[in-house]
Every structure is written in structure tokens, then in C-alpha cells.
Amino acid sequence: MEISVVSLFPEMFAAVRDYGVTGRAVQNGLLSIQCCNPRDFTTDRHQTVDDRPYGGGPGMVMKTEPLQQAIAVAKASVAPGATVIYLSPQGRQLTQAGLAELAAKPSLVLLAGRYEGVDERLIDSEIDEEWSIGDYVLSGGELAAMVMIDGLSRLLPGVLGHHLSAEQDSFAEGLLDCPHYTRPEHFRGMAVPGVLLSGNHEAIRRWRLKQSLGRTWLRRRDLLEQVELSDEQNKLLAEFIRELDD
Ligand SMILES: NC(=O)c1ccc(N[C@@H]2CC[C@@H](O)C2)nc1
């Protein structure tokens, strides 16, 4: 997957390019992250990338020309046919399913804005898709872009390796994750659930699925309403709910 980011703060993207799962994906050639700074496309002495809003009001708006040129260079630096994405609270809410859609694309250009935002005519003429990581306002689109990069990278073939891909199953099924434990076996008087020490992989699979279902029922009933449960899942959830009253 080739990604080119348009941002006034390209150095921020070291956080995904140089660390952890995404950093390894870059090293393994499974992911590439390039950056393009609109300031490099200004022609005035002050390298102006923003200007006062028409109609007045607080703050500044990012100018169209530097962004337009930065986007053109960003598109040219990745495989043709890149989807140009703008991160903003006005965008489509990002979910695991949305990440799966994005991970299937050959290349992306991500526009991370600053100030009060971007001239609407730039969005109308250059942006293919507007996405939001949640209903809140950030001072820039960079962190939202990095959230998207991290989330979609995990879905790229070869990035997580087989043993971890199962870890996403619960989310792939639209459920919350089950609890996790590791050594020591006892911590502050709390033991690890016995089934996890049993070596009975089928019992462990059922316990984890039951916990995912139960947690989703308790914490995110809205997610559960979107999931078509199998007979086994319905049975396990009913058991979990019954055991709550014990
Ligand atoms: N929820 C989000 O995904 C999100 C994205 C961007 C953002 N802030 C930038 C700064 C100016 C404008 O480009 C938008 N805030 C929130």
C-alpha cells in the first residue's frame, strides 16, 4: 500500500513510519509513507499557506494553490488511481469495516489540514472521500491520518502474520475483544480464568467468544444490534447473561 500525506508537519509521521507494526510494515516494503508539505509550494517571501476567511470570523483558512500543487505531487508519487482523502469531523465515520475498504485500495493521498480548515473549493475539486475518526475536533488532521494509517496497515496481508490475524476476528465480527491475561498466574489476589490454563483449545475458543459477546452486550448494545449472531453465539450470550445473575 502506497500512502502520500499532505501536511504542514511531515515530521509528525515518524510516529507511524518509524515505530511498531506500521514501522515494520514500512521496513518490509508492505507499506510506504511519503510526505508532501504545502509550504514547499508557496512563492511569496513569507511562504503563506493560509489567509483570512471571507465573511469574517475567527481563525484562518488554508489557501487552495499550495494545497493543489502539493496534492498533485503527492498523487504523482504513488501508484496511479490514488483515492484522495481529507480528514475532518465532517467526514464519514471511520470503523473497522471502513478500514477494510481503505486497505483494499492500491494507493492513498491523505490531506491533513490545519487552522480552521481548507477552502471548500479545494475539497470540491480535489477530494474524493472525506473521513472522520470520531465526533470531536482536533487542531490538525495529522493524528487522524495516522489513526487511519495504523488501522488499515494491520489489515494488509503479511503485516500482522497469521498468529495475530485471529486476534481481529472479534472486531471483524463486529464484537468487542475478549479479556487477555499473561504471567504471573496470580496478581493482587486475582487468578487467571482456569479455562485459559486448561490447554483445551475448543473450550478456550468458546470462552473467548462468550466473553466478547457478553462484553459487547454490556458495553456496546448498539454494536450487537448490527450483528447477525449464529446459533452458537446466541447460546453463549444467553449463558453469559444467565451467569450475571449468579
Ligand atoms: N475527527 C476527525 O477525524 C478530525 C479530523 C481533522 C480535524 N481537524 C482538522 C484541522 C482543520 C481541518 O482541516 C480539520 N479534527 C478532527
Side-chain angles (χ1 to χ4, degrees), residues 1 3-17 19-22 31 33-42 46-75 78 82-105 107-155 171 174 220 222-223:
M1 159 79 77
I3 299 178
S4 190
V5 185
V6 174
S7 166
L8 292 171
F9 301 117
E11 301 82 3
M12 286 179 72
F13 288 85
V16 284
R17 194 185 44 243
Y19 298 88
V21 168
T22 50
L31 171 69
I33 303 173
Q34 305 173 76
C35 290
C36 208
N37 188 336
R39 207 172 291 283
D40 297 343
F41 300 91
T42 56
H46 297 291
Q47 296 193 300
T48 309
V49 291
D50 61 319
D51 202 342
R52 293 179 15 255
Y54 280 118
M60 303 290 272
V61 177
M62 293 188 81
K63 292 176 63 62
T64 55
E65 297 92 340
L67 285 175
Q68 176 187 321
Q69 293 177 49
I71 289 170
V73 168
K75 285 167 84 170
V78 295
T83 301
V84 184
I85 289 173
Y86 178 50
L87 287 304
S88 90
Q90 287 72 40
R92 173 185 164 188
Q93 176 100 20
L94 185 64
T95 62
Q96 194 65 28
L99 286 173
E101 282 180 44
L102 294 168
K105 294 175 182 289
S107 56
L108 298 176
V109 170
L110 306 183
L111 170 55
R114 284 271 158 173
Y115 306 105
E116 296 311 304
V118 166
D119 187 302
E120 195 68 14
R121 293 165 295 179
L122 186 282
I123 296 172
D124 292 341
S125 57
E126 294 285 343
I127 301 299
D128 298 316
E129 298 178 6
E130 204 163 342
W131 286 82
S132 168
I133 63 167
D135 290 335
Y136 38 81
V137 178
L138 302 171
S139 51
E142 285 81 6
L143 289 174
M146 285 189 258
V147 163
M148 180 178 276
I149 291 170
D150 186 297
L152 71 81
S153 303
R154 297 168 56 81
L155 304 179
F171 266 91
R220 290 293 305 277
D222 59 301
L223 287 180

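Read the numbers this way: they start at 1 and go in the same order the structure lists the ligands and their atoms. All values derive from a computational prediction rather than experimental measurement.
- The only option from Ile149, Thr22, Leu110, Leu108 that meets the side chain to side chain contact (heavy atoms under 4.5 Å, CB included) definition with Ile33 turns out to be Ile149.
- Annotation: side chain of Asp40 is not in contact with side chain of Val73 (no heavy-atom distance under 4.5 Å).
- In Ser132, the parts holding a heavy atom less than 4.0 Å from any atom of ligand 1 are both the side chain and the backbone.
- In terms of N/O distances under 3.5 Å, ligand 1 is approached by Ile133.
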Any chance you could lay out the side-chain contact (heavy atoms from CB on, under 4.5 Å) test for Arg114 and Ser139, step after step, and finish with the verdict?
CA-CA 6 Å; Arg114 284 271 158 173; Ser139 51; 3.8 Å; yes
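- Closest non-hydrogen pair, Tyr115 versus Met62, comes out as CD1-CG, 3.6 Å.
- Proximity to Gly117 (heavy-atom distance under 4.0 Å) selects the following atoms of ligand 1: 11 (C), 12 (C), 13 (O).
- Counting heavy atoms under 4.0 Å from ligand 1, residue Arg114 touches it through the backbone alone.
- One side chain, Ser88 or Glu130, offers a donor N or O that lies under 3.5 Å from an acceptor on the other.
- The protein atom (non-hydrogen) at minimum distance from atom 6 (C) of ligand 1 is Leu87 O, 3.5 Å.
- At a 3.5 angstrom cut-off on N or O pairs, Tyr136 counts as close to ligand 1.
- Looking at Arg92 and Glu129, their side chains never come closer than 4.5 Å, going by heavy atoms from C-beta outward.
- By the 4.5 Å heavy-atom criterion applied to side chains, Glu126 and Leu67 are not counted as neighbours.
- Remark: ligand 1 atoms within the under-4.0 Å shell around heavy atoms of Gly141 are 6 (C), 9 (C).
- Taking OG of Ser153 as the start and CG of Leu102 as the end, the distance is 11.0 Å to the nearest 0.5 Å.
- For ligand 1, the atoms closer than 4.0 angstrom to any heavy atom of Gly134 are 1 (N).
- Counting heavy atoms closer than 4.0 Å to ligand 1, residue Tyr86 contributes side-chain atoms (C-beta onward) but none from N, CA, C or O.
- In this structure, Val118 does not count as a contact residue of ligand 1, since none of its heavy atoms falls inside 4.0 Å of the ligand.
- Here the heavy atom of the protein found nearest to atom 8 (N) of ligand 1 is Leu138 O, 3.0 Å.
- For atom 10 (C) of ligand 1, the closest non-hydrogen atom of the protein is Gly113 O, 3.6 Å.
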